[in-house]
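Heads up, the thing below is written out as C-alpha cells.
First the proteins, then the strands, lettered A, B, ... as listed; each starts at 1. Just so it is clear, the values below take in all heavy atoms, side chains as well, and ignore hydrogens, waters and symmetry mates. Remember, it's a predicted structure, so these values are computed and weren't measured experimentally.
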Amino acid sequence: MIRLRIPLGVILLWALVALLTPVLPLAPNAIDLPHILTPGSPDEWLGYDDLGRPVFDRLVVGARTSFLVAFAVVSLSLIIGSLLGAIGAYAGGWIDLVLVRVIDVFLAFPGILLAIALAGVMGPGIDNVVIALSVVSWVGYARLARAQVLSMKERDHVYAAVAVGTPPPQIIARHLLPLIGAPLIVEASFGVAGVVIGEAGLSFLGLGVQPPAASWGSMIRDGTRYMLVAPHMVIAPGLALMVVVLSMNLLGDRLRDWLDVKNQSRKTVDN
Amino acid sequence: MISLKRLWVLLLIVLCTACTDPVSDAFRFGLAGAPANLDPRFATDAASARVNRLLYARLVDFNDTFEPVPALADWEQLSPTHYRFHLKTNVQPFHDGTRLTAHDVKATYDFILNADNASPHRASLAVIDRIAVDDETSLDFFLNRPEPLFPGYLVIGIVPAHLIAAHHPLHEHPIGSGPFSFLARPDETRLHLLRIRDQQRFEFITVPDPTVRTLKLMAGEIDMLQNDLPPELVDYLEHDRMLRVQRTAGTNFSYLGFSLEDAVTRQVFVRRAIAHAINRQEIIRYVLDNGARPAQSLLPPEHWAGAQDLDPITYDPEKAQALLRQAGYSREQPAKIVYKTSSDPFRIRLATILQHQLKSVGIDVDLRSYDWGTFYGDIKAGRFQMYSLAWVGIHTPDIFDYVFHSRSIPPNGANRGRFRSTVADTFIDHARAAPDLETKRQWYVQLQHHLADALPYVPLWYEDHIFIAHREIEGFAIARDGNYDGLIHVRRSPPDAL
Amino acid sequence: MFVRFLISRILTAFAVVFGVVCLVFFLLHLVPGDPVEVMLGESARPADRAALQQALGLDLPLHVQFGRYLANLSQFDLGTSFYSKRPIRDLLLERLPATVELGVAALLVALLMAVPLGILAAVKKETAWDVGATGVALFGVSIPNFWMGPMLILVGALWLGWFPVSGREGVASLVLPALTLGTALAAILSRMIRSALLEVLNEDFMRTARGKGLAERTVILRHGLRNALLPVITLVGLQLGALLSGAVITETVFSWPGIGSLVVEAIHRRDYPVVQATVLCISVSYVALNVLTDLTYARIDPRVRLGSRP
C-alpha cells in the first residue's frame, strides 16, 4: 500500500499546489538585487535566486507551470501516439507504411529547428509549448505502440477475437491497448521528466513561458549556471522534479501490475 | 548478447582513431565562440575580427581616444577628395615570405569594391572612387566626395595580391602580415597560431559554456580568457589564488531602443519615464559586479567626438511616475510595452530586472526572448516596440548618421526606431560637411545633447573588459574595444619568479 | 522474399530522406531571421545586402532555389557554408567521427548500466533490490544533461583530475561526455528491460523452460531476455538516432566538435546549406539505423518478419 499511497499523495499534492497557486500569498517575482544568490537561512530557507527572488515562492509557482505542461503534453502525445501506432500496426498495408514514414521523418528531424520555427510562427505562450512538445514527443509512443502491437496481434486471444468477428476498433481498444499499456506507461512516466526539462529549453528559444514566470525546468536551467557559486539554486527544483518523477514511475509500476492481472483474467476468458 | 561483444570491438577501433598527443608549452586562450571566417575581406563577426587583427596588418588603427593613427602606412591629405598613403619602411612581409607592397593594398581594396565579390564591407567603402599605385610603397585614394574621417575606414586586413589572383582560400589557410601566422585548425573548436617574433605557439580553444570555460581555466587546460563570463563567475575566479583578474573600462554601448512610430513608445515622456525608472547604479553594483560604467551617449566621453558634459540620467521613480501621468498613464491604465531580447541568459536576466523596475513605476512590460537569428532579424527590420542591444566596436562618429539620421531608416541604414528629427538631421549634416575634426567634434557634441533630450535610445552602460589568466601569465594589456592585441606581448614569467 | 523486403525497405528509406529534405528546406525559409542580415552585422548598407543576397542565390524565387538545391544534391554536391565558405562535405567529414564516437560510447555506457539494473529489478521484483534499481534509474532520468555535464566535470576533472574538462583529445576526453549522455539513456533502458522482462517471465514458454529443469539463470538470460528484447531494440534504435542528432547539449557543454553542435550553430546563424546538409546526414544515418533495427527484429522475432501478416 505504501508503494501506492505515497506516490499518489505526491502527485495529488503536485496537482493541489498547481490548482491553489493563484490564491496563495507568494512573491515569486519580487526582485531584490542585494539578495542575489543569498543561500538559505532560517527566514527564507531555500534562499534567493540570481535576481534576489525567493526560491521557495518560485518553486511553488513553478509547480503549476510544470504540472500543466507535463500533463497536457504527456497525455496528448500518449493518446495520439499510441492510437496511431496501434492502428498502423493492426491495419498494416499502406496505412502502416505511411505512418512509419511520417514517424521516421519526424524522428530524423532536429527538434530545435522545429521549436525555433514554431516560436517564430506562433510566439510564446503555454498552449504553444504544449503543442510544440507534443509534436516532438508523440512519435516515441507511436513507434513503441506499433512495435508492441506487431508482436501482440499474433497472440491467441486476438486471433480468437478476430475469429468471433469482433470489429477491429474493439479489438484494438479491448485486446491490444491494455496489453501494450505497460511499456507505454513506463515510457510516459519518464516522459514527465523529459517534458519538464524540455519546456526550459523551449522558453530559452522564445517559445515557452517567458520571464518573469517560473517553471521547474527554467529554475534548474538557471541554477545550473550558478552551480559553482550558488549550488542551492538547483537543489530545490531538482529534488522536486526527482520526487515527482519517482512517484510517477512507482504509480506506473502499480498500474502495470494491475493491467497485468486484468489481462491474465481476460486471457482465460478469451481462450 | 553477441552485439555487446561487437560493440566493444567497435568502440576500441573508434577510440584508437581518437588518440592524439599534444603536450606543448603553447599559450591556450579560451573563446566563447569560434571565429567564423579568417578572411578579413568577408569576416563580420567580432571573434573573427579580433583574431584577424593578429593574422593580418592594416593601414590604419585607432588610438585611445579613437582617432585614426598610422599602422602600416602614414598618410597626407592632398585635397578634400585625395589621400596619399606611404607604407612604412619597417613593414613586415607576408607569412609566405613575399613583400607587402602598395599593390597588395590596392588589390585588397579593389577586391572588396568589386560588386561581384559580394564583400559585406563594400558599401562602407563606397566613398572610394579609385585607387592608384604610385610606387611600391605609396598609393593614392581618390574619393567621390570629401570625407575627413576617411583614413579611419581603412582598417581591413591587407591580403597578398598574388593570392587574390590565384583565388587562394584564405578562410581555410590565412596568410597575412600580422604578428601571428596560421598553423592549423584541427576542427572548428581549435585554432593554432604561431607568434612569429619568438616562434611561440598559441591555441585558441572554443568552449561555449561559461561554467565549463571557468572549470577549464581552473584546471589549467586554458591559460587565459577574456570576457563572456557572468559576473558571479568572475567574482568566483577572483578568489582563486592561481588566477589573476584584470579589468579595463570598455566602450561597448548597451542601450534600450524604441519604435518611434508606436503609439506608446513614440511619446518622449514615456521614454524619459523609462530612463528615470531604471536604477543603473544598483544593477551595476549587484548584477554586473561593478563591471560597467553608466552611459550617457553612444560614444564614450573619452572619444574625440564624445560629449563630456552630458548630465547623468538619474534614478528617480517619482519623476518617472509624474512623466507617465503627463503622458496619460496611471496605475489603473498602465503603459503596456512588449520588450524583445536575445535568448542569451545574461541578457534575459538583465531584461527581467528592467521589467521589474519598470513595473514598479507603472509600466507593464511583456518580455520576449528569441533565438539570435530571429531577434536580430526583427530588430533590423524594425519589428519591435522596445528592445535592448549593444553597439560593439564603434570607432568613428559616422555611427550617428547611420543610426539617427532620417535618411538612414531601414533598409538604408540602422535608424531602426525610425527616429525623425530635423534638429538631429541638421547637426549630423553639419558635422559631416565640416572640413576639420574640431568643427566636427563641436557639432557631434551638440547632437549628443539633443539626443539626450529626445531619447531615441535610453543609454544604459558600457561594460568593462575582463581578462583572467593564470598567475604566471604576464604582459597582457586589455584593449579598449576588447581586441586580442594584448597577445602580442603576453609572456610566461620565468619559473624562479613565481 | 528477404531480398524483396530489403529492397522495399531501402526504397522507402529514400522516400523518408526526401521528405526530410523537403521539410527542412521549406521550414528553414519559413523561420524568421535572414542569413544575410546575420552575416552582414551592424555596419552594412543596402547595396551590400542586395549583393550578398545575389551572391548566395537567395534573391531567386524559392522554387528555383529548391530546384537548384536538388540538382546539386543529385550530384552529391552539398554546397558551401554561407559563413566559413568551406565545403560542407569537409565540415561533415570533420565532425561525423566525433559524433559517432560519442554516440557509440554513450550507448555502451547505457547498456552496461541498464542490462544488469533491468534484470535485477525484474527478477527481484518488489524487493529492496528493485527499489534501489528504480532509484538509480530515476536519478539518471531526472538529471538534465546540462547539469550532469558540468557536475561530472567538476568531480571527474577538477577534483579527481582523471579526465580533461572538455574538448576531444584522446580517449580520456570521451569518458565524461559518454557518461553524461549514457546515464539518461540507461535509466529509460533499464526500466524498459525490467518491464519487458516481467511481461515475458510469466509466459508459457518460460514455464516450459523452467519445467525442462533449466537453471533459473539460463532461463532468464536465454529465454526471457531474448523475448524481452523487442521493445528494447525499438528503443535502442530510436535512441541511437537521437544520440546522433540530439547530443546537442552534451556536445555544447563538452565543446565536442560533433554534428549536434554544428547544426545548432548553423541554425542560429541561419546558415541554410549547413543546416540542410547536416539534417540530411542525420536523417540518412537515422534511416539506415532504422533499417538495421527492422532487420534485427526480423531475426529475433520471426513473427514480425517481412512486416506482414502470415
Looking at [options], which has the largest count of heavy-atom pairs under 4.5 Å with chain B?
| options | answer |
| --- | --- |
| Leu154(C), Val253(C), Asp90(C) | Val253(C) |
| Gly167(C), Ala55(C), Pro164(C), Ser173(C) | Pro164(C) |
| Ala98(C), Ser166(C), Ser261(C) | Ser166(C) |
| Arg95(C), Gln53(C), Glu265(C) | Arg95(C) |

Have Arg270(C) and Thr374(B) got a donor and an acceptor in their side chains that come within less than 3.5 Å?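 Present: a donor and an acceptor within the cut-off.
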Any idea which of [options] has the most non-hydrogen atom pairs under 4.5 angstrom with chain C?
| options | value |
| --- | --- |
| Ser48(B), Ala36(B), Gly220(B) | Ala36(B) |
| Val212(B), Thr206(B), Ile205(B) | Val212(B) |
| Asp209(B), Asn117(B), Asp187(B), Thr189(B) | Asp187(B) |

Is there a donor-acceptor pair under 3.5 Å between the side chain of Lys380(B) and the backbone N or O of Glu37(C)? yes
Would you say Asn37(B)'s side chain and Tyr83(C)'s backbone share a donor-acceptor pair under 3.5 angstrom?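 Pair found, side chain donor or acceptor close to backbone of Tyr83(C).
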Heavy-atom cut-off 4.5 Å, strictly under: side chain, backbone, both or neither for Pro35(B) against chain C? neither
Check whether Ala381(B) gets within reach of chain C through its side chain, its backbone, both or neither, counting any heavy atom under 4.5 Å.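 Neither part.
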Applying the side chain to side chain contact (heavy atoms under 4.5 Å, CB included) test to Val165(C), which of Val207(B), Leu215(B), Leu217(B) qualifies? Leu215(B)
Give, as side chain, backbone, both or neither, the part of Leu56(C) having an atom under 4.5 angstrom from any heavy atom of chain B.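 No part of it gets close to chain B.
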Rounded to the nearest 0.5 Å, how far apart are [atom1] of [X] and [atom2] of [Y]?
| X | Y | atom1 | atom2 | result |
| --- | --- | --- | --- | --- |
| Ser255(C) | Lys216(B) | OG | NZ | 5.5 Å |
| Leu52(C) | Thr44(B) | CG | OG1 | 9.0 Å |
| Leu158(C) | Thr214(B) | CG | OG1 | 10.5 Å |
| Arg269(C) | Asp45(B) | CZ | CG | 6.5 Å |
| His268(C) | Ser343(B) | NE2 | OG | 6.0 Å |
| Glu188(B) | Arg86(C) | CD | CZ | 6.0 Å |

Intermediate values then yes/no, side-chain contact (heavy atoms from CB on, under 4.5 Å), Ser84(C) and His171(B): CA-CA 7 Å; Ser84(C) 65; His171(B) 53 276; 5.6 Å; no
Please identify each residue that fulfils side chain to side chain contact (heavy atoms under 4.5 Å, CB included) with Asp401(B), with sequence neighbours left out. His405(B), Arg407(B), Ser408(B), Ile428(B), Arg432(B)
Begin with the C-alpha distance, continue with both residues' side-chain angles, and end with the deciding distance and a verdict on side-chain contact (heavy atoms from CB on, under 4.5 Å) for Lys85(C) and Asp39(B). CA-CA 10 Å; Lys85(C) 309 285 179 201; Asp39(B) 184 339; over 6 Å; no
More than 12 non-hydrogen atoms from neighbouring residues, nucleotides or ligands closer than 6.0 Å to CZ on Arg89(C), yes or no? no
